[in-house]
2 protein chains.
Amino acid sequence: MRDVAAAAGVSLKTVSRVVNNEPGVTGAVRERVQAAAERLDYRHNLAASNLRRSGSRTGVIGVLVQDVANSYSAGLLRALEDAMRVHDVMLVAGSLDETTARERAMVTNLISRRVDGLVIVPASPRQDYLEPEIRAGLPIIFADRAPRGIDTDSVIVDNALGAYQAVDHLLARGHRRIAVLTDSASIATADERVRGARAAFAKHGLELPGDLLVRGHADQQGAAATVHRLRELPDPPTAIFAGRNAISKGTLQALAERGERESVAVVGFDDFPMADLLQVTVIRQDVAKLGALVAARLLERIAGDTTPPIRIVLPPTLIPRGSGEIPPPAA
Amino acid sequence: MRDVAAAAGVSLKTVSRVVNNEPGVTGAVRERVQAAAERLDYRHNLAASNLRRSGSRTGVIGVLVQDVANSYSAGLLRALEDAMRVHDVMLVAGSLDETTARERAMVTNLISRRVDGLVIVPASPRQDYLEPEIRAGLPIIFADRAPRGIDTDSVIVDNALGAYQAVDHLLARGHRRIAVLTDSASIATADERVRGARAAFAKHGLELPGDLLVRGHADQQGAAATVHRLRELPDPPTAIFAGRNAISKGTLQALAERGERESVAVVGFDDFPMADLLQVTVIRQDVAKLGALVAARLLERIAGDTTPPIRIVLPPTLIPRGSGEIPPPAA
DNA sequence: TGGCCACCTGACAACGTTGTCACGTCCACA
DNA sequence: TGTGGACGTGACAACGTTGTCAGGTGGCCA
């Protein structure tokens, strides 16, 4: 900038004015400065600018999701990006892989970078470590999963309701041996889904078969293995409620391998690409809507809104596509 | 930091030393400073730090892909993230949606933020606007698509070869009426793929039927519409080469709607989630490998490597899964 | 012609850090 | 006891920018 000023024969401040498109610079001077900047390949330094006008925005938000390669996370990211772009805000994204340590590390890093806000799909069991940041006024919104140990804005999906709908759907079609596959119990969401599944059984005066509730699935392969095992039981499940994206895929994979895609009912939580072509009945969360709501709330907070935290719960929807409508063999 | 220094009864510089874990501070003093920092909720400001030690890294790279929600882009992002994480580098990601203007705008923004490097899956027809940045030493790697009008590192896939393999696969099974569906001709990749398809026909002493080459597909719906139209022709295609992810999906969707999934052969370019379960034969690009190579090159550049640009071309692989092995009806 | 005002422009300090260098203390050794 | 050196600490300037305020120029009106 100093060089540009010298080349244009003006002061630093005038270059600054031109660069920031501020008024108070004559046309001729402005052009001279622009020409010099162009000639010298001058590039404005946003970091320095933000430092000087401290208290202003950096134009960056941090987004911590489960795995950016996962279609659900990616969809959320995209929805946030679209909403933030109009405000000239960019996204720093990170995958947590359900790791508490990574969540902590990335949050610390993002805070050091003075992001304008944080969107977190938490991996850690408690988030009270964020207390000082909240107190300092950093906007933080939890997406998909509610925070624990702290009071913050959140936009989540009614997981219990979704699971209830899924299992009720299967019970209504006569299934009784319904397997429930979820991920690690340390994830609050998984607990909610199990709760919803139990509630559906209870409504029908039944109980979730203990041998068919299997938690702790980390990935597709694990889920596939479980399905193979369960189907080998003397009294195998006639229907499967897959508690997450990757678990649905593993379930389908295993059933396909066994040639049982047509005979065993499946309802999955979370829609996924190609689920329509695969005719998989799912509980769909409206990621685009969730992302839009998160972004809107975040923008309000960034704009200075200091009202008490709100908690938005979106109802999921069951999308029947065939796999969930397969009747039990006996019926 | 000033407050911490005052609270601990030391100078600014000493706090700096403690914060950066530099040697030359007695244990007692160090603890006093840490306690004060903790008590005052002090947060190190990386922007200011990077400004002071200018010339050092910001620990951020910019990644511009087609669409972060697209499984291919998301996979690339994830591969980059994994490789960069060990070097404590975070990713700022943006979706270009094949828009030249957005590419320019985001590049400008990222440069203002002094990212350590840029990974670009270009949307614009030419990238010579990056010339000054390259000259200034900013590491830029092109991924998936080669740069035009500029000489930079790039890691791309042999698109012509992939298309050749796909079409040759179909020709070898007796298909002659093979439809070739690609995206906009302004995308260099699409041209390459058409070229490869023609080469395969040429090898068999044939020519790509002019009425079956349809370019300019923007999304899944457009591709589906084309498939419906082509299949209504008096002499319809017996096989379809889908030149991209979304086009494959549109093709499958249309064929499913027509009940022709079992009778019309399909080979798609780019693997996609669930393609295995859908038994879709595809040309697979190894995104993880591509991402790893891009990251490795970028890290070398960031570390100061100034050797001439290299160009890595990865061979794609045909994965037979069923849809590409359907024979033509007559045969 | 003098005076007032609007309008441009520039000097300076400050944002939160850290590199450089100098100072002071303490210990070891001659 | 004096000297040298190692070590811990701090003062200061600088990174690239912009807010504040003061100064300078020119036009217009009395």
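Chain naming here is simple, since letters A, B, ... match the order of the sequence lines and numbering starts at 1 in each.
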Open item on the list: Testing the 3.5 Å rule here: is there a donor-acceptor pair between the side chains of N50(B) and T58(B)?
Closed with: no

Open item on the list: Without decimals, in angstroms, what is the distance between R17(A) CZ and dC7(C) C1'?
Closed with: 11 Å

Task: Length of the CG-C1' vector between N21(A) and dT18(D), whole Å - done: 15 Å

Open item on the list: Working note: Q285(A) + Y72(A), criterion side-chain hydrogen bond (donor to acceptor under 3.5 Å, both in side chains); need CA distance, chi angles, decisive distance, verdict.
Closed with: CA-CA 9 Å; Q285(A) 309 186 33; Y72(A) 181 79; 2.7 Å; yes

- [ ] Using the salt bridge (Lys or Arg N to Asp or Glu O under 4.0 Å) rule, take R32(B) and E38(B) through it: C-alpha gap first, then chi angles, then the decisive distance, then the call.
- [x] CA-CA 10 Å; R32(B) 197 145 38 92; E38(B) 171 83 13; over 6 Å; no

Open item on the list: Tell me whether the side-chain N or O atoms of R43(B) pair up with the base of dG16(C) as donor and acceptor below 3.5 Å, since no angle test is needed here.
Closed with: no

Open item on the list: Classify V29(B) by what it touches in the nucleic acid, base, sugar-phosphate, or nothing, heavy-atom distance under 4.0 Å.
Closed with: sugar-phosphate

TODO: Any chance you could measure I120(B), atom CD1, to L64(B), atom CG, to the nearest 0.5 Å?
DONE: 5.5 Å

TODO: Mind calculating the distance between NE2 (H44(B)) and P (dG16(C)) to the nearest angstrom?
DONE: 12 Å

Open item on the list: It should be established whether T26(B) places a side-chain nitrogen or oxygen under 4.0 Å from OP1 or OP2 of nucleotide dC7(D).
Closed with: no

- [ ] Grab the CE-P distance between M1(B) and dA11(D) for me, whole Å please.
- [x] 13 Å

Task: Pairwise distance CG(D128(A)) to CG(D151(A)) - rounded to 0.5 angstrom - done: 12.5 Å

TODO: Return yes when atom CD of E22(B) has more than 12 non-hydrogen atoms of other residues, nucleotides or ligands closer than 6.0 Å, and no otherwise.
DONE: yes

Open item on the list: Please classify the nucleic acid contact of N50(A) as base, sugar-phosphate, or nothing, using heavy-atom distances under 4.0 Å.
Closed with: nothing

Task: Under the salt bridge (charged side-chain N to carboxylate O under 4.0 Å, His left out) test, residues paired with R102(A) that sit two or more places apart - done: D97(A)

Task: Interatomic distance, L51(A) CG vs dC15(D) P [rounded to whole Å] - done: 14 Å

Task: Euclidean distance, atom CZ of residue R2(A) to atom P of dA11(C) [Å, nearest integer] - done: 14 Å

Task: Residue-level proximity of residues 3-16 of chain A to DNA chain D when a heavy atom falls under 4.0 Å - done: L12(A), K13(A), S16(A)

Open item on the list: Between the base of dG16(D) and the side chain of R52(B), is there a donor and acceptor pair under 3.5 angstrom?
Closed with: no

Open item on the list: Testing the basics here: between S154(B) and P147(B), what is the closest heavy-atom pair and its distance to 0.1 Å?
Closed with: CB-CD, 3.8 Å

Task: Between Y42(A) and Q34(A), a side-chain donor and acceptor under 3.5 Å - done: no

Task: Position toward the 5' end of DNA chain D (nearest nucleotide), A48(B) or V25(B) - done: V25(B)

Task: Whole-Å gap separating P (dT9(D)) and CZ (R32(B)) - done: 8 Å

Open item on the list: We want to know whether Q66(A) and S73(A) form a side-chain donor-acceptor pair, criterion being a heavy-atom distance below 3.5 angstrom.
Closed with: no

- [ ] Look at the side-chain N and O atoms of N45(B) and state whether any lies under 4.0 Å from the OP1 or OP2 oxygen of dC15(C).
- [x] no

Task: R53(B) vs dG19(C): side-chain N/O to OP1/OP2 distance below 4.0 Å - done: yes

TODO: Residues of residues 109-117 of chain B with any non-hydrogen atom less than 4.0 angstrom from an atom of DNA chain D: list those, numerically ordered, please.
DONE: none

Open item on the list: Within the 4.0 Å heavy-atom criterion, would you say R30(B) contacts the bases, only the backbone, or no part of the nucleic acid?
Closed with: nothing

